[in-house]
Amino acid sequence: MNSFDCVVIGAGNGGLIASLRLAKSGKKVLLVERHILPGGFATSFSRGRFNFEASLHELCDFGHEENHGNLYTLFKELDLLDKIEFVDVPEAFRVISLSNKEDDYVMPFGIENFINKMEEYVPNSRKSMRTFFELGKEIQDAMRYLNEAKGHPDSKVLMKKYPNFMRVAPYNVDPVLNAIKMPKKAQDILNTYWSYLGAPSSKLGFIHYCIMVYLYVSLKAQIPTKRSHNISMTIADEIIKNGGTIYYGREVDEILIDKDKNEVKGVVLDDGTIINTKHVISNASPHSVYGHMIKDTNLIPKKALQRANFSTLSGRGFSLFLGLNKSKEELGLKEYSYFIYNSLDSNKEFESMHNINNTSQVVVCLNNALPNASLKGTTILYFTSLFFGDCFDKALTKENYFELKDKLAKNFIKTFEKATGVEITPYIEEIEVATPLTYAHYTDSPDGTIYGYLTADLDNMMPRLMRMYNEDYINGLKFCGGHAMRSSGYNSSYLSGDLAAKFTLGDLKKDN
Ligand SMILES: Cc1cc2nc3c(=O)[nH]c(=O)nc-3n(C[C@H](O)[C@H](O)[C@H](O)COP(=O)(O)OP(=O)(O)OC[C@H]3O[C@@H](n4cnc5c(N)ncnc54)[C@H](O)[C@@H]3O)c2cc1C
């Protein structure tokens, strides 16, 4: 009775898609989620008359039927497309530097529009910008080929068809942008999205960053009209409709390992129930699995620990959610996403984020993509920032949590007002603040990180994808989500769930 083909731990984006793929493939799947709702970070919440999006600013790699990305294809394959309504985000971004008033740029979607706008802001940037987007296209094609080759690419094909992909693959962002002679100012503007991946341009793999920007600019970004919670609920409903089982409000306390075979043999839930299975996909991080779900640490292969310890935790989340009692027009908020940094140099900014008083931020005005996101005459704004290292712990005492939250929130709001010249403080009707403690509590992410492991240097997306075929340290145990092979973000976590499910389907075939 208590036996499943696969148990999926956690109903975040990765766990939901993994479960749906398995259920649709006719497998007996159990999804266990410690909360009473699906989604993990991908959720919404209400305060007063406002319904806030908890995390999503914009979806990457989606697009439209006529020009779409991998995420669109995945949702189509899983029959999700017609069940969720999406709209385009109006512009790529507005980026503002606090240290130089003149550094204030609004960039549009569409490759030609983007290149033209950059040329207006930075004369003589056109050629290098074009080269950048051509590289983006080649990287996209090469990644498709690598995907089809399933871990066995022909190096001759790679060299012949994708020579520039091979040339840039080993490098981080800075050396490639320098090599294509992009003016420094254009690099700074182009690197605006760095904080979405949480690693600066000197550490971030060029391929990862280039494909991300290419996808954003060419496919535009989308959001669901009913918050990310609607996506999570729709996928959960589909899992059930396709014969899957979901336990909400239950936690996987332990993963049972057969010592002699080094393979999964089941899981134990928080009430002591034992579920038999040979396959587990964990949407919880390797830190959580090796840290507390495998009780006998002798059963964890040394290589698995080495691999997990090789990764560094990414930024720890700090967010504000504001419900304002004035319309965006009355306030004068024209853009959807505001990236506000001390300077436009991502490497300096990354260092600043190790300081608790840093107020760099990404702010979204939801009503600029969804005019009816809140009632007439009101506006929803949400702020996201990252703290690296232990600066948050150092500032926190047992007594000062609420005081610290208030102080930081006020600083972030002041910075926004200073950067945009838009006064918001008198119009705040609702405010909610999420700290690294909130995120650790809500999703069990280690230290309250919101972007999985830092995608930097040898732990960038490309090396992760190359290693993923050889990372079955315990037979039957796979990972998906922000801490897995595709790194964090909505599209990456969904796609990693699909990959983990497909690998598990392959293993299940071998079992029979
Ligand atoms: C404020 C904010 C803004 C963001 N903005 C964007 C954006 O604009 N675009 C973008 O692409 N990404 C964005 N992200 C990142 C994105 O939300 C995450 O990368 C993604 O949601 C991670 O999904 P995941 O699959 O790793 O699952 P998670 O959301 O980490 O969920 C893991 C789930 O596992 C459950 N779980 C853990 N342990 C157990 C256990 N033992 N038993 C049962 N259940 C367990 C947890 O409760 C949780 O539900 C943002 C994140 C935040 C917080």
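- The closest side-chain heavy-atom distance from Met485 to Phe479 is not below 4.5 Å.
- For Glu335 and Arg94, the salt-bridge test passes: some basic side-chain N is under 4.0 Å from an acidic carboxylate O.
- Asn342 and Asn358 share a side-chain donor-acceptor pair at under 3.5 Å.
- With sequence neighbours left out, the side chain to side chain donor-acceptor pair (under 3.5 Å) criterion links Asp498 to Arg21, Lys502.
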For residues 140-147, tabulate all N or O donor-acceptor pairs below 3.5 Å that involve a side-chain atom, not counting sequence neighbours.
unit_1, atom_1, unit_2, atom_2, d
Asp141, OD1, Lys137, NZ, 2.9
Asp141, OD2, Lys137, NZ, 3.2
Tyr145, OH, Asp154, N, 2.9

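- Not counting sequence neighbours, the partners of Pro183 by the side chain to side chain contact (heavy atoms under 4.5 Å, CB included) test are Val122, Ser125, Ser128, Ala186.
- The number of heavy atoms from other shown groups lying within 6.0 Å of NZ (Lys226) does not exceed 12.
- Nearest approach of Phe50 to Ile380, heavy atoms of both residues: CD2-CG1, 3.7 Å.
- Tyr442 is linked by a side chain to side chain contact (heavy atoms under 4.5 Å, CB included) to His35, Thr43, counting only residues two or more places apart in sequence or in another chain.
- Applying the ring-ring contact (aromatic ring centres under 6.0 Å, His included) test to every pair with at least one member in residues 168-187, sequence neighbours left out, gives no pairs at all.
- Evaluated for a side chain to side chain contact (heavy atoms under 4.5 Å, CB included) with Leu204, the options Leu197, Asp174, Asn172 yield exactly one hit, Leu197.
- A donor-acceptor contact under 3.5 angstrom links the side chains of Ser311 and Asp459, judged on distance only.
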Enumerate, atom names and distances included, each donor-acceptor pair closer than 3.5 Å involving a side-chain atom of residues 206-217, sequence neighbours excluded.
unit_1, atom_1, unit_2, atom_2, d
Tyr209, OH, Leu190, O, 2.6
Tyr209, OH, Asn191, O, 3.3
Tyr209, OH, Tyr193, N, 3.1

